[in-house]
Trainee: 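Pasting a structure below so you can have a look.
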Amino acid sequence: MNHDSLSPPAFPSVVGTTLEAHIMAGMRGAPGATGEFASLLNAIGLAVRIIHTRVRAAGLADMLGYTGETNVQGERVQKLDAFANEVLCTVLERSGRCAMVASEELEQAHVLSETGKYIVCFDPLDGSSNIDVNISIGTIFCVLRAQSAGGRLYEGALQPGNKIVAAGYAVYGSATTLSLSTGHGVHGFTLDPSVGEFFLSHSNIRCPERGNTYSINEGNFARWDDRVKKWNAFLKTEDKERGLPYGHRYVGSLVADAHRTLMKGGIFAYPADKKSPAGKLRLLYEANPMAYLFEQAGGAATNGTDRILDIEPKGLHDRTPLILGSKEDVKTYRDFMLG
Ligand code: AHM
Ligand code: MG
(Lines give C-alpha, C1' and ligand atoms only; values in the text may rest on other atoms or scores of the structure.)
(Ligands and ions follow the chains in the order given, each with its own letter.)
Protein backbone atom coordinates (compact mmCIF):
# COMPACT_ATOMS: atom_id res chain seq x y z
CA MET A 1 0.00 0.00 0.00
CA ASN A 2 1.27 3.43 -0.86
CA HIS A 3 1.12 5.26 2.43
CA ASP A 4 2.01 8.52 0.77
CA SER A 5 -1.45 8.70 -0.76
CA LEU A 6 -2.93 8.51 2.75
CA SER A 7 -0.83 11.34 4.11
CA PRO A 8 -2.91 14.27 5.23
CA PRO A 9 -2.74 17.23 2.91
CA ALA A 10 -0.27 19.91 3.85
CA PHE A 11 -1.74 22.46 6.25
CA PRO A 12 -3.60 24.95 4.08
CA SER A 13 -1.46 27.92 3.15
CA VAL A 14 -1.55 30.16 6.20
CA VAL A 15 -4.77 30.26 8.07
CA GLY A 16 -6.55 32.10 5.30
CA THR A 17 -8.50 35.32 5.42
CA THR A 18 -10.58 36.04 8.50
CA LEU A 19 -14.08 37.46 8.20
CA GLU A 20 -12.84 40.68 9.75
CA ALA A 21 -9.94 41.01 7.29
CA HIS A 22 -12.34 40.32 4.39
CA ILE A 23 -14.76 43.00 5.59
CA MET A 24 -11.97 45.51 6.13
CA ALA A 25 -10.53 44.79 2.66
CA GLY A 26 -13.97 45.50 1.17
CA MET A 27 -14.07 48.87 2.91
CA ARG A 28 -10.62 50.01 1.87
CA GLY A 29 -10.86 52.72 -0.69
CA ALA A 30 -14.67 52.88 -0.55
CA PRO A 31 -15.63 56.55 -0.84
CA GLY A 32 -16.79 58.01 2.44
CA ALA A 33 -16.20 54.77 4.37
CA THR A 34 -15.97 55.50 8.07
CA GLY A 35 -15.58 51.94 9.31
CA GLU A 36 -19.07 51.94 10.83
CA PHE A 37 -20.44 49.46 8.30
CA ALA A 38 -17.45 47.16 8.85
CA SER A 39 -17.90 47.37 12.58
CA LEU A 40 -21.62 46.53 12.27
CA LEU A 41 -20.86 43.45 10.15
CA ASN A 42 -18.18 42.35 12.60
CA ALA A 43 -20.72 42.67 15.42
CA ILE A 44 -23.06 40.33 13.50
CA GLY A 45 -20.14 37.90 13.05
CA LEU A 46 -19.57 37.96 16.82
CA ALA A 47 -23.25 37.36 17.57
CA VAL A 48 -23.27 34.38 15.20
CA ARG A 49 -20.23 32.88 16.95
CA ILE A 50 -21.95 33.23 20.33
CA ILE A 51 -25.15 31.62 19.01
CA HIS A 52 -23.07 28.82 17.46
CA THR A 53 -21.61 28.00 20.89
CA ARG A 54 -25.04 27.73 22.50
CA VAL A 55 -26.49 25.72 19.61
CA ARG A 56 -23.66 23.19 19.92
CA ALA A 57 -24.20 22.89 23.68
CA ALA A 58 -27.95 22.36 23.29
CA GLY A 59 -27.28 19.47 20.90
CA LEU A 60 -24.87 17.94 23.38
CA ALA A 61 -27.47 18.06 26.13
CA ASP A 62 -29.81 16.07 23.87
CA MET A 63 -27.17 13.46 23.25
CA LEU A 64 -26.60 13.04 26.97
CA GLY A 65 -30.20 11.93 27.13
CA TYR A 66 -32.06 14.57 29.12
CA THR A 67 -35.77 13.81 28.93
CA GLY A 68 -38.29 16.30 27.76
CA GLU A 69 -40.42 15.45 30.80
CA THR A 70 -38.63 17.73 33.21
CA ASN A 71 -39.18 20.39 30.60
CA VAL A 72 -35.58 21.50 30.99
CA GLN A 73 -34.51 20.16 27.63
CA GLY A 74 -37.67 21.36 25.91
CA GLU A 75 -37.42 24.76 27.52
CA ARG A 76 -33.80 25.06 26.60
CA VAL A 77 -34.49 24.41 22.96
CA GLN A 78 -37.38 26.81 22.90
CA LYS A 79 -35.29 29.34 24.72
CA LEU A 80 -32.70 29.16 22.00
CA ASP A 81 -34.82 31.44 19.81
CA ALA A 82 -35.03 33.99 22.61
CA PHE A 83 -31.33 33.56 23.41
CA ALA A 84 -30.28 34.12 19.79
CA ASN A 85 -32.53 37.17 19.60
CA GLU A 86 -31.09 38.58 22.82
CA VAL A 87 -27.51 38.03 21.65
CA LEU A 88 -28.10 39.83 18.36
CA CYS A 89 -29.90 42.76 20.03
CA THR A 90 -27.24 43.14 22.72
CA VAL A 91 -24.23 42.83 20.44
CA LEU A 92 -25.77 45.24 17.91
CA GLU A 93 -26.67 47.73 20.63
CA ARG A 94 -23.13 47.64 22.06
CA SER A 95 -21.69 48.15 18.58
CA GLY A 96 -23.29 51.60 18.60
CA ARG A 97 -23.73 51.29 14.83
CA CYS A 98 -27.27 49.99 14.70
CA ALA A 99 -30.18 52.44 14.79
CA MET A 100 -32.91 49.81 14.83
CA VAL A 101 -33.56 46.09 14.77
CA ALA A 102 -36.52 44.15 13.39
CA SER A 103 -36.70 40.50 14.34
CA GLU A 104 -38.94 37.48 14.02
CA GLU A 105 -38.93 37.40 17.81
CA LEU A 106 -39.97 41.06 18.32
CA GLU A 107 -43.47 42.27 17.69
CA GLN A 108 -42.27 45.81 17.02
CA ALA A 109 -38.96 47.13 15.73
CA HIS A 110 -36.65 48.31 18.54
CA VAL A 111 -34.65 51.51 18.40
CA LEU A 112 -31.11 50.82 19.66
CA SER A 113 -29.21 54.02 18.97
CA GLU A 114 -30.09 57.54 17.88
CA THR A 115 -26.84 57.86 15.97
CA GLY A 116 -26.61 54.44 14.30
CA LYS A 117 -26.70 54.55 10.51
CA TYR A 118 -28.08 51.07 9.90
CA ILE A 119 -31.11 48.89 10.46
CA VAL A 120 -30.71 45.14 10.83
CA CYS A 121 -33.59 42.73 10.16
CA PHE A 122 -33.09 39.15 11.31
CA ASP A 123 -34.49 35.75 11.97
CA PRO A 124 -32.29 34.86 14.95
CA LEU A 125 -32.82 31.10 14.79
CA ASP A 126 -34.34 29.81 11.59
CA GLY A 127 -35.65 26.25 11.54
CA SER A 128 -35.55 26.02 15.33
CA SER A 129 -38.06 23.15 15.35
CA ASN A 130 -35.17 21.07 13.95
CA ILE A 131 -32.80 21.64 16.87
CA ASP A 132 -33.79 18.63 18.93
CA VAL A 133 -33.33 16.29 15.98
CA ASN A 134 -29.85 17.63 15.20
CA ILE A 135 -30.73 19.05 11.80
CA SER A 136 -29.17 22.23 10.47
CA ILE A 137 -30.59 25.51 11.70
CA GLY A 138 -29.34 29.04 11.16
CA THR A 139 -29.50 32.82 11.47
CA ILE A 140 -30.65 35.05 8.59
CA PHE A 141 -30.12 38.82 8.39
CA CYS A 142 -30.04 41.85 6.15
CA VAL A 143 -28.79 45.40 6.64
CA LEU A 144 -30.63 48.53 5.48
CA ARG A 145 -29.69 52.18 5.81
CA ALA A 146 -31.41 54.15 8.55
CA GLN A 147 -31.08 57.32 6.53
CA SER A 148 -30.23 58.42 3.05
CA ALA A 149 -26.98 60.17 2.12
CA GLY A 150 -28.82 63.48 2.47
CA GLY A 151 -29.68 62.71 6.09
CA ARG A 152 -33.35 61.95 5.42
CA LEU A 153 -34.63 59.29 7.80
CA TYR A 154 -36.16 56.26 6.14
CA GLU A 155 -39.32 54.84 7.58
CA GLY A 156 -37.58 52.28 9.68
CA ALA A 157 -37.36 48.70 8.52
CA LEU A 158 -40.25 48.85 6.05
CA GLN A 159 -38.04 49.20 3.00
CA PRO A 160 -38.07 46.96 -0.09
CA GLY A 161 -35.22 44.48 -0.49
CA ASN A 162 -33.71 46.52 -3.31
CA LYS A 163 -32.47 48.90 -0.58
CA ILE A 164 -30.44 46.19 1.17
CA VAL A 165 -26.74 47.01 1.58
CA ALA A 166 -25.64 43.67 3.03
CA ALA A 167 -27.18 40.31 3.82
CA GLY A 168 -26.13 36.91 4.98
CA TYR A 169 -27.05 33.74 6.75
CA ALA A 170 -25.27 31.37 9.07
CA VAL A 171 -25.85 27.62 9.00
CA TYR A 172 -25.21 25.70 12.20
CA GLY A 173 -24.75 22.39 10.41
CA SER A 174 -21.98 19.82 10.08
CA ALA A 175 -19.86 22.97 10.16
CA THR A 176 -20.88 26.49 11.07
CA THR A 177 -20.74 28.62 7.95
CA LEU A 178 -21.56 32.21 7.12
CA SER A 179 -22.53 33.30 3.61
CA LEU A 180 -22.27 37.04 3.20
CA SER A 181 -22.73 39.68 0.54
CA THR A 182 -22.13 43.40 0.69
CA GLY A 183 -23.12 43.87 -2.94
CA HIS A 184 -19.96 42.41 -4.47
CA GLY A 185 -20.85 38.75 -4.87
CA VAL A 186 -21.38 36.16 -2.18
CA HIS A 187 -18.53 34.87 -0.08
CA GLY A 188 -18.60 31.88 2.22
CA PHE A 189 -16.81 31.59 5.55
CA THR A 190 -16.34 28.54 7.74
CA LEU A 191 -15.92 28.79 11.48
CA ASP A 192 -12.81 27.17 12.90
CA PRO A 193 -14.16 26.43 16.38
CA SER A 194 -10.69 25.79 17.79
CA VAL A 195 -9.71 29.43 17.21
CA GLY A 196 -13.21 30.94 17.21
CA GLU A 197 -12.72 32.67 13.86
CA PHE A 198 -14.56 32.60 10.55
CA PHE A 199 -12.19 32.02 7.63
CA LEU A 200 -12.93 32.61 3.97
CA SER A 201 -13.56 29.16 2.49
CA HIS A 202 -15.76 29.83 -0.57
CA SER A 203 -14.80 32.89 -2.52
CA ASN A 204 -17.31 34.34 -4.98
CA ILE A 205 -20.02 31.67 -4.82
CA ARG A 206 -22.00 31.29 -8.06
CA CYS A 207 -25.36 29.58 -8.22
CA PRO A 208 -25.36 27.28 -11.32
CA GLU A 209 -27.56 28.49 -14.20
CA ARG A 210 -29.63 25.34 -13.84
CA GLY A 211 -29.72 22.51 -11.32
CA ASN A 212 -31.29 19.09 -11.01
CA THR A 213 -33.09 19.19 -7.65
CA TYR A 214 -36.26 20.81 -6.32
CA SER A 215 -36.97 21.58 -2.69
CA ILE A 216 -40.53 21.98 -1.48
CA ASN A 217 -42.79 20.65 1.27
CA GLU A 218 -44.64 18.20 -0.95
CA GLY A 219 -46.99 17.34 1.90
CA ASN A 220 -48.79 20.57 0.98
CA PHE A 221 -49.65 19.23 -2.51
CA ALA A 222 -53.43 19.13 -1.96
CA ARG A 223 -53.35 22.80 -0.86
CA TRP A 224 -51.51 24.16 -3.93
CA ASP A 225 -53.21 25.77 -6.86
CA ASP A 226 -53.24 23.91 -10.17
CA ARG A 227 -50.31 25.84 -11.66
CA VAL A 228 -48.02 24.79 -8.82
CA LYS A 229 -49.26 21.21 -9.14
CA LYS A 230 -48.51 21.25 -12.90
CA TRP A 231 -45.00 22.64 -12.36
CA ASN A 232 -44.41 20.01 -9.69
CA ALA A 233 -45.59 17.22 -12.01
CA PHE A 234 -43.40 18.60 -14.82
CA LEU A 235 -40.26 18.29 -12.65
CA LYS A 236 -41.10 14.64 -12.04
CA THR A 237 -41.58 13.79 -15.72
CA GLU A 238 -39.37 11.05 -17.14
CA ASP A 239 -37.62 12.93 -19.96
CA LYS A 240 -33.90 12.39 -20.13
CA GLU A 241 -33.34 14.84 -22.98
CA ARG A 242 -34.76 17.69 -20.92
CA GLY A 243 -32.79 16.68 -17.84
CA LEU A 244 -35.87 15.36 -16.05
CA PRO A 245 -36.90 14.19 -13.57
CA TYR A 246 -35.35 16.36 -10.86
CA GLY A 247 -34.36 14.86 -7.52
CA HIS A 248 -36.24 16.00 -4.42
CA ARG A 249 -34.45 17.45 -1.37
CA TYR A 250 -36.19 19.06 1.60
CA VAL A 251 -34.85 19.68 5.08
CA GLY A 252 -37.47 22.08 6.43
CA SER A 253 -34.91 24.67 7.54
CA LEU A 254 -34.80 27.51 5.02
CA VAL A 255 -31.10 28.11 5.70
CA ALA A 256 -30.24 24.50 4.86
CA ASP A 257 -32.51 24.20 1.82
CA ALA A 258 -31.44 27.58 0.45
CA HIS A 259 -27.75 26.94 1.08
CA ARG A 260 -27.80 23.64 -0.80
CA THR A 261 -29.70 25.30 -3.65
CA LEU A 262 -27.25 28.22 -3.76
CA MET A 263 -24.23 25.93 -3.91
CA LYS A 264 -25.56 23.18 -6.20
CA GLY A 265 -28.32 24.90 -8.15
CA GLY A 266 -31.94 23.87 -8.62
CA ILE A 267 -34.96 25.44 -6.99
CA PHE A 268 -36.46 26.02 -3.55
CA ALA A 269 -40.15 26.89 -3.37
CA TYR A 270 -42.54 27.73 -0.58
CA PRO A 271 -45.60 28.85 -2.56
CA ALA A 272 -48.83 30.22 -1.18
CA ASP A 273 -51.33 27.48 -0.41
CA LYS A 274 -54.80 27.09 1.07
CA LYS A 275 -53.38 27.05 4.61
CA SER A 276 -51.00 30.00 4.07
CA PRO A 277 -52.65 32.11 1.35
CA ALA A 278 -49.97 34.81 1.60
CA GLY A 279 -47.14 32.27 1.78
CA LYS A 280 -45.44 31.08 4.96
CA LEU A 281 -42.01 32.70 4.95
CA ARG A 282 -41.44 36.23 6.17
CA LEU A 283 -40.50 38.95 3.69
CA LEU A 284 -38.22 41.20 5.73
CA TYR A 285 -35.93 38.72 7.45
CA GLU A 286 -36.24 35.47 5.49
CA ALA A 287 -37.18 36.15 1.86
CA ASN A 288 -35.38 39.46 1.30
CA PRO A 289 -31.93 38.46 2.62
CA MET A 290 -32.07 35.17 0.69
CA ALA A 291 -33.28 36.89 -2.49
CA TYR A 292 -30.43 39.41 -2.24
CA LEU A 293 -27.86 36.64 -1.84
CA PHE A 294 -29.26 34.58 -4.73
CA GLU A 295 -29.20 37.56 -7.06
CA GLN A 296 -25.67 38.40 -5.95
CA ALA A 297 -24.67 34.82 -6.81
CA GLY A 298 -26.29 34.95 -10.26
CA GLY A 299 -29.52 33.20 -9.23
CA ALA A 300 -33.04 34.61 -8.94
CA ALA A 301 -35.89 35.00 -6.46
CA THR A 302 -39.58 35.60 -7.11
CA ASN A 303 -42.93 35.35 -5.37
CA GLY A 304 -44.12 33.50 -8.48
CA THR A 305 -44.65 36.55 -10.67
CA ASP A 306 -42.66 39.46 -9.20
CA ARG A 307 -39.10 39.95 -8.05
CA ILE A 308 -38.92 39.50 -4.27
CA LEU A 309 -36.60 42.50 -3.84
CA ASP A 310 -39.17 44.87 -5.40
CA ILE A 311 -42.00 44.02 -3.01
CA GLU A 312 -43.01 47.00 -0.84
CA PRO A 313 -43.46 45.74 2.72
CA LYS A 314 -46.55 46.86 4.62
CA GLY A 315 -45.81 45.26 7.96
CA LEU A 316 -42.75 43.95 9.80
CA HIS A 317 -44.01 40.38 9.72
CA ASP A 318 -45.42 40.28 6.20
CA ARG A 319 -45.33 36.89 4.55
CA THR A 320 -44.63 36.06 0.94
CA PRO A 321 -44.47 33.06 -1.35
CA LEU A 322 -40.74 32.45 -1.91
CA ILE A 323 -39.20 30.77 -4.92
CA LEU A 324 -35.46 30.98 -5.31
CA GLY A 325 -32.68 29.19 -7.09
CA SER A 326 -30.94 28.85 -10.42
CA LYS A 327 -32.01 31.46 -12.97
CA GLU A 328 -33.36 28.93 -15.47
CA ASP A 329 -35.24 26.95 -12.84
CA VAL A 330 -36.88 30.07 -11.40
CA LYS A 331 -37.83 31.15 -14.92
CA THR A 332 -39.49 27.79 -15.57
CA TYR A 333 -41.52 28.19 -12.35
CA ARG A 334 -42.56 31.69 -13.33
CA ASP A 335 -43.59 30.49 -16.82
CA PHE A 336 -45.93 27.97 -15.20
CA MET A 337 -47.41 30.70 -12.98
CA LEU A 338 -48.00 33.10 -15.86
CA GLY A 339 -49.52 30.28 -17.93
P1 AHM B 1 -38.84 29.47 11.67
O2 AHM B 1 -38.09 28.38 12.37
O3 AHM B 1 -38.08 30.76 11.65
O4 AHM B 1 -40.26 29.62 12.11
O5 AHM B 1 -38.79 29.10 10.10
C6 AHM B 1 -39.78 28.74 9.28
C7 AHM B 1 -39.31 27.48 8.57
C8 AHM B 1 -38.27 27.66 7.48
O9 AHM B 1 -36.97 27.51 7.99
C10 AHM B 1 -38.60 26.53 6.54
O11 AHM B 1 -38.25 26.81 5.20
C12 AHM B 1 -40.08 26.40 6.68
O13 AHM B 1 -40.44 27.00 7.90
C14 AHM B 1 -40.53 24.97 6.73
O15 AHM B 1 -41.91 24.93 6.80
P16 AHM B 1 -42.76 23.58 6.70
O17 AHM B 1 -42.49 22.84 7.98
O18 AHM B 1 -44.17 24.03 6.55
O19 AHM B 1 -42.26 22.81 5.50
MG1 MG C 1 -37.29 31.31 9.95
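Every value quoted in this text rests on a predicted model; they were computed, and no experiment measured them. Remember, it's 1-based here, ligands and their atoms both numbered in the order they're listed.
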Trainee: Looking at every non-hydrogen atom in both residues, tell me the closest pair between Phe37 and Val143 and how far apart they are.
Mentor: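 The pair with the smallest heavy-atom distance is CE1-CG1, 4.3 Å.
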Trainee: Counting only N and O atoms by type, is there a donor-acceptor contact under 3.5 Å from the side chain of Asn220 to the main-chain atoms of Arg223?
Mentor: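 No: the side chain of Asn220 does not pair with the backbone of Arg223.
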Trainee: Starting at CZ of Phe141, measure out to CD1 of Ile44 and round the result to the nearest 0.5 Å.
Mentor: 4.5 Å
Trainee: Please report whether ligand 1 has a polar contact with Asn220, defined as an N or O pair separated by less than 3.5 Å (distance criterion only).
Mentor: no
Trainee: Could you name the option among Ser276, Ala258, Gly252, Ala256 that has the heavy atom nearest to atom 7 (C) of ligand 1?
Mentor: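 Nearest heavy atom to atom 7 (C) of ligand 1 lies in Gly252.
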Trainee: Would the number of heavy atoms belonging to other residues, nucleotides or ligands and lying under 6.0 Å from NZ of Lys230 be above 12?
Mentor: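 12 or below, so no.
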Trainee: Is there a nitrogen or oxygen of Leu254 sitting under 3.5 Å from a nitrogen or oxygen of ligand 1?
Mentor: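 There is such a contact, yes.
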Trainee: Which of the listed options, Arg282, Glu105, Met290, holds the heavy atom that is closest to atom 4 (O) of ligand 1?
Mentor: Arg282
Trainee: Between the side chains of Glu36 and Lys117, is the shortest nitrogen-to-carboxylate-oxygen separation below 4.0 Å, so that they form an ion pair?
Mentor: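 Counted as a salt bridge, because a side-chain N and a carboxylate O are separated by less than 4.0 Å.
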Trainee: Of Pro124, Gly127, Gly219, which has the heavy atom at the shortest distance from atom 1 (P) of ligand 1?
Mentor: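 The residue whose heavy atom sits nearest atom 1 (P) of ligand 1 is Gly127.
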Trainee: I'd like to know if the side chain of Ser113 reaches the main chain of Arg97, judged simply by a donor and an acceptor atom lying under 3.5 Å from each other, with no hydrogens or angles considered.
Mentor: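 Absent.
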Trainee: Between the side chains of Lys236 and Glu218, is the shortest nitrogen-to-carboxylate-oxygen separation below 4.0 Å, so that they form an ion pair?
Mentor: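 Salt bridge present between Glu218 and Lys236.
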Trainee: Quick check on contacts: which atoms of ligand 1 are under 4.0 angstrom from a heavy atom of Ser253?
Mentor: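 Selected atoms, number and element: 9 (O).
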Trainee: I need the atoms of ligand 1 closer than 4.0 Å to a non-hydrogen atom of Lys280, numbered in the order shown.
Mentor: 12 (C), 13 (O), 14 (C), 15 (O), 16 (P), 17 (O), 18 (O)
Trainee: Check each atom of ligand 1 against the heavy atoms of Tyr250 and keep those under 4.0 Å away; list them by number with element.
Mentor: 14 (C), 15 (O), 16 (P), 19 (O)
Trainee: Going by the atom numbers of ligand 1, which of them fall below 4.0 Å from some non-hydrogen atom of Asp123?
Mentor: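 In order of numbering, the contacting atoms are 3 (O).
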Trainee: Taking both backbone and side-chain atoms of Tyr270, is any N or O found less than 3.5 Å from an N or O belonging to ligand 1?
Mentor: yes
Trainee: Does Asp126 reach ligand 1, in the sense of a heavy atom lying below 4.0 Å from it?
Mentor: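 The answer is yes, since Asp126 has a heavy atom less than 4.0 Å from ligand 1.
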Trainee: Does a side chain donor of either Arg260 or Ser215 reach within less than 3.5 Å of an acceptor in the other side chain?
Mentor: yes
Trainee: Any side-chain to backbone donor/acceptor pair from Arg307 onto Thr302? Under 3.5 Å, distance only.
Mentor: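 Answer holds: no.
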Trainee: Suppose I only count heavy atoms of Asn217 and a 4.0 Å limit; which atoms of ligand 1 are within that range?
Mentor: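 By the 4.0 Å cutoff, the relevant atoms are 16 (P), 18 (O), 19 (O).
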Trainee: Atoms of ligand 1 less than 4.0 Å from Glu104 heavy atoms?
Mentor: 1 (P), 3 (O), 4 (O)
